[in-house]
Amino acid sequence: MADQQFETPAFRELRDNPPIKEGVMDHSQPYVAKPEHNEPLGFPGELVENWEEKAVAKLGDLLEKNKALRVYLDSCVKCGACTDKCHYFIGTGDPKNMPVARQDLLRSVYRRHFTTAGKLFPKLVGAKEMNKEMLDDWYKYFHQCSQCRRCAVFCPYGIDTAEISMAARDIMDHIGVGTKYSNEIIAKVHVIGNNLGLPQPALVNTMEGLEEDVEEETGVQVKFPVDQEGADVLLITPSADFFAEPHVDGLIGYGKVFHQAGINWTVSSYASEAANFAMFIGSYEQMHKIANRIRKAALDLGVKRIIFGECGHAWRVAYAFLNTLAGPWDFLDPKYPRPQHILEVTNELIKTGGITLDASANDDKVLTFHDSCNVARATRMGDVEGGQFTIPREVIKASVNKFVDMDPQTICEKTFCCGGGGGLLTDDLIELRVKGALPRMEALKDVVDNHGVTHMAAICAICKSQFSKVMPYYGFDMDMVVSVHQLVSEAIQLGTKE
């Protein structure tokens with residue numbers, strides 16, 4: 001699948017809806033997990049016997065645990081408001097990528113087994129059995145949803161397709177049909193503590209290398225500590241920050257901010273991963289296990305604060321779920337009773353004079369900003385409504401002199417997904433990823449052509465990885481995407497404060 005041939009979508013002059021192409025993405029699906037990927041998570045190694053009945057039983061279990069799921073399945077009136085809001089439908093034209101049609105793959109099974117009308121008059125209400133054809137469609141099209149929740153913004157009933165996709169994936173995992181990409185990664189976190197399977201000696205070596213690089217470049221000894229007991233701050237950041245461009249430049253920026261502000265910090269080799277891929281597969285049990293590693297690391301190291309780095313879904317889990325999954329966090333400093341985002345910390349330091357930035361250091365760039373889905377539509381930063389939109393932009397504007405926002409219909413709560421979220425950041429799905437990036441690439445092209453934008457900043461590890469891969473398909477340089485703290489790193493004034 002990684003070598004599949006496909007045509008990159010053309011930019012749409014009028015942003016019209018794509019022509020309908022029945023089944024055009026019917027071939028697209030991620031690699032199926034093998035037993036060695038599933039079994040460490042407690043999932044069956046392969047499709048179980050009587051899987052049809054077990055899938056329906058698992059759906060019933062989820063309906064009992066998640067009352068919102070039943071509401072979402074009952075509420076849709078097929079109004080069409082979501083039809084053209086999905087980046088995958090816009091990029092592919094496959095009608096099953098309309099959010100309403102994707103929902104109906106699960107809704108039809110729900111109606112057959114959990115509604116009176118579906119049991120008595122299935123054809124009249126679109127109720128269908130859970131069979132092999134249905135399972136195949138589930139596996140293909142629920143993995144053509146990045147759980148970005150843009151459709152929910154426009155749905156008059158607030159139906160959240162992400163919750164439905166998560167439920168379908170959870171059901172499939174429990175009957176032995178999971179995805180290699182997500183399940184293999186989750187297993188690595190359970191065993192080693194990060195998505196990469198990066199052991200403690202390698203992590204220490206990496207951080208020591210960053211210390212040497214920064215000192216060589218700046219003449220200042222900036223520490224990047226690992227497993228430092230008694231540190232004030234535990235930094236939880238995506239493991240991509242330890243090795244990949246432009247992620248690692250953001251990590252260097254965090255280190256410089258902490259150094260200049262005099263904040264004593266550390267990362268933990270036991271819980272060195274901010275990302276929680278269990279959210280992508282809809283497993284709250286797996287989310288709980290991963291979140292508990294962070295709690296244990298914080299207790300073992302005796303920290304007072306927890307700060308999350310630039311990772312979209314990691315911040316969603318931290319903001320929305322961490323207290324219920326792994327709380328209470330009553331052992332933290334009462335002044336910092338909840339996890340903070342690194343941007344909240346940096347923005348406050350800028351405003352209070354804790355750090356000084358020279359924006360002219362980035363005068364070779366004209367910046368725009370990509371709002372990451374999970375940050376934009378599922379979290380908040382700071383203590384004001386909309387802080388997740390204003391704080392990143394305030395930090396960028398303090399770091400650069402030239403900033404331009406993209407089309408208002410494509411930013412903030414209406415932002416388009418990068419195309420690689422929701423556990424889809426794998427080369428098995430490169431065609432889907434490229435086509436799903438179309439709306440964001442169109443908005444980027446507008447500001448490039450009309451305002452001379454040279455770089456796009458992002459605060460999500462998946463967004464950065466996705467854009468670096470797909471930008472060349474649309475004629476952009478892969479180096480156009482940068483970390484926000486990469487900009488901070490270039491602008492920050494290190495040394496003795498006056």
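What's counted below: heavy atoms across the whole structure, side chains too, no hydrogens, waters or symmetry copies.
The shortest distance between side-chain heavy atoms of V233 and K304 does not fall below 4.5 Å. Between F242 and V248, the closest side-chain pair of non-hydrogen atoms is not below 4.5 Å. Residues F243 and L196 have side chains in contact (heavy-atom distance under 4.5 Å, counting atoms from C-beta outward). Here the side chains of H313 and Q147 are not in contact, with every heavy-atom distance at 4.5 Å or above. Side-chain contact between L301 and T266: present, with at least one pair of heavy atoms (C-beta onward) separated by less than 4.5 Å. Within the 4.5 Å cutoff, the side chain of Y473 has heavy atoms near those of the I430 side chain. Side-chain contact between F476 and V470 is absent, with no heavy atoms from C-beta onward closer than 4.5 Å. Annotation: side chain of Y181 is in contact with side chain of F277 (closest heavy-atom distance under 4.5 Å).
D173 and N183 form a side-chain donor-acceptor contact under 3.5 Å, judged by distance and modelled atom types alone. Side-chain atoms of N264 and D232 form no donor-acceptor pair, as typed in the model, at a separation below 3.5 Å. In the model, K414 has a side-chain atom that pairs as donor or acceptor with a side-chain atom of Q409 under 3.5 Å. For S283 and D170, the side-chain atoms include no donor-acceptor pair closer than 3.5 Å. No hydrogens or angles considered: nothing links the side chains of Y88 and D94 as a donor-acceptor pair under 3.5 Å. A donor atom on one side chain and an acceptor atom on the other are not found under 3.5 Å apart for D249 and S483. Side-chain atoms of S182 and R169 form no donor-acceptor pair, as typed in the model, at a separation below 3.5 Å.
Ring pair H143/Y139: centre-to-centre distance below 6.0 Å. Ring-centre distance between Y474 and F467: not below the 6.0 Å cut-off.
The backbone N or O of N374 sits nowhere less than 3.5 Å from a side-chain atom of S372 that would complete a donor-acceptor pair. The backbone N or O of A244 lies less than 3.5 Å from no partner atom in the side chain of H247, so there is not a single donor-acceptor pair. A donor-acceptor contact shorter than 3.5 Å is absent between the side chain of D241 and the backbone of L251. In terms of modelled atom types and a separation under 3.5 Å, the side chain of H341 and the main chain of L343 share a donor-acceptor contact. A side-chain donor-acceptor contact under 3.5 Å links E211 to the backbone of F224. Proximity of a side-chain donor or acceptor of Q260 to a complementary backbone N or O of G354 within less than 3.5 Å is not detected. Under a 3.5 Å cut-off, the side chain of R316 and the backbone N or O of G312 do not form any donor-acceptor pair. Side-chain atoms of Q340 do not come within 3.5 Å of backbone N or O of I307 as any donor-acceptor pair. Judged by distance alone, with hydrogens and angles left aside, the side-chain atoms of S489 form no donor-acceptor pair with the main-chain N or O of H485 at under 3.5 Å. In this structure a side-chain-to-backbone donor-acceptor pair under 3.5 Å is missing from R338 to Y319.
For D449, the salt bridge (Lys or Arg N to Asp or Glu O under 4.0 Å) test picks out K445, with sequence neighbours left out. Remark: K435 engages E431 in a side-chain hydrogen bond (donor to acceptor under 3.5 Å, both in side chains) (not counting sequence neighbours). With sequence neighbours excluded, no residue satisfies side-chain hydrogen bond (donor to acceptor under 3.5 Å, both in side chains) with K188. Residues passing the side-chain hydrogen bond (donor to acceptor under 3.5 Å, both in side chains) test with K296 are D300, sequence neighbours excluded. With sequence neighbours excluded, the residues satisfying side-chain hydrogen bond (donor to acceptor under 3.5 Å, both in side chains) with T379 are W315.
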>> Show, in sequence, the C-alpha distance, side-chain angles and deciding distance for V153 and R377, and conclude whether the side chain to side chain contact (heavy atoms under 4.5 Å, CB included) test is met.
In response: CA-CA 8 Å; V153 172; R377 287 188 280 263; 3.3 Å; yes

> Between S272 and N194, is a side-chain hydrogen bond (donor to acceptor under 3.5 Å, both in side chains) present by the stated rule, with each step listed?
Replying inline: CA-CA 6 Å; S272 55; N194 59 66; 3.0 Å; yes

>> Show, in sequence, the C-alpha distance, side-chain angles and deciding distance for E413 and F389, and conclude whether the side chain to side chain contact (heavy atoms under 4.5 Å, CB included) test is met.
In response: CA-CA 8 Å; E413 71 277 0; F389 308 131; 3.8 Å; yes

>> Using side-chain hydrogen bond (donor to acceptor under 3.5 Å, both in side chains), reason through R440 and T415 one step at a time and then give a plain yes or no.
In response: CA-CA 8 Å; R440 174 50 76 221; T415 188; 2.9 Å; yes

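At a threshold of 4.0 Å, the pair R393-D371 counts as salt-bridged, since one of the basic side-chain nitrogens sits closer than that to a carboxylate oxygen. Ionic pairing of K180 and D428 is not present here: no N-O contact between side-chain nitrogen and carboxylate oxygen is shorter than 4.0 angstrom. Salt bridge status for K469 with D427: present, with a side-chain N to carboxylate O gap under 4.0 Å.
Across every non-hydrogen atom of S146 and G421, the tightest pair is CB-O, 3.3 Å. Closest approach of A437 and Q466 over heavy atoms only: CB-NE2, 4.1 Å. Here the closest non-hydrogen pair linking A275 and I290 is O-CG2, 4.3 Å. Across all non-hydrogen atoms, the minimal contact from T368 to V404 is OG1-O, 2.7 Å. When all heavy atoms of M207 and P225 are compared, the pair lying nearest together is CE-O, 4.2 Å. Heavy-atom minimum distance, L357 versus I492: CD2-CA, 3.5 Å.
Relative to the six-membered ring of Y336, R305 meets both conditions, a distance below 6.0 Å and an angle of at most 45° to the axis. A cation-pi contact, defined as under 6.0 Å to the ring centre and within 45° of the axis, is absent between R102 and F142. Within the cation-pi definition used here (under 6.0 Å to the ring centroid, within 45° of the axis), R293 qualifies as a partner of Y270.
Annotation for E215: atom CD counts as buried by contact number, over 12 foreign heavy atoms lying within 6.0 Å. More than 12 heavy atoms of other residues, nucleotides or ligands shown are found within 6.0 angstrom of NZ on K365. Within a 6.0 Å sphere centred on CD of E285, other residues, nucleotides and ligands contribute more than 12 heavy atoms.
Exactly one residue among Q486, E310, E245, H370 makes a side-chain hydrogen bond (donor to acceptor under 3.5 Å, both in side chains) with K464. That residue is E310.
Interatomic distance, CZ of F403 versus CD of E394, reported as 11.0 Å (0.5 Å rounding). Here the CG-CG distance, from N362 to D364, works out to 6.5 Å after rounding to the nearest 0.5 Å. Note that CD of E208 and CG of D213 are 12.0 Å apart. Values are rounded to the nearest 0.5 Å. Distance check, rounded to the nearest 0.5 Å: CG of D446 to CE of M441 gives 11.5 Å.
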Donor-acceptor pairs are to be reported for all side-chain atoms of residues 322-333 against protein atoms at under 3.5 Å, with residues two or more places apart or in another chain.
{"unit_1": "T324", "atom_1": "OG1", "unit_2": "F321", "atom_2": "O", "d": "2.9"}
{"unit_1": "W329", "atom_1": "NE1", "unit_2": "L322", "atom_2": "O", "d": "3.4"}
{"unit_1": "D333", "atom_1": "OD1", "unit_2": "K335", "atom_2": "N", "d": "2.9"}

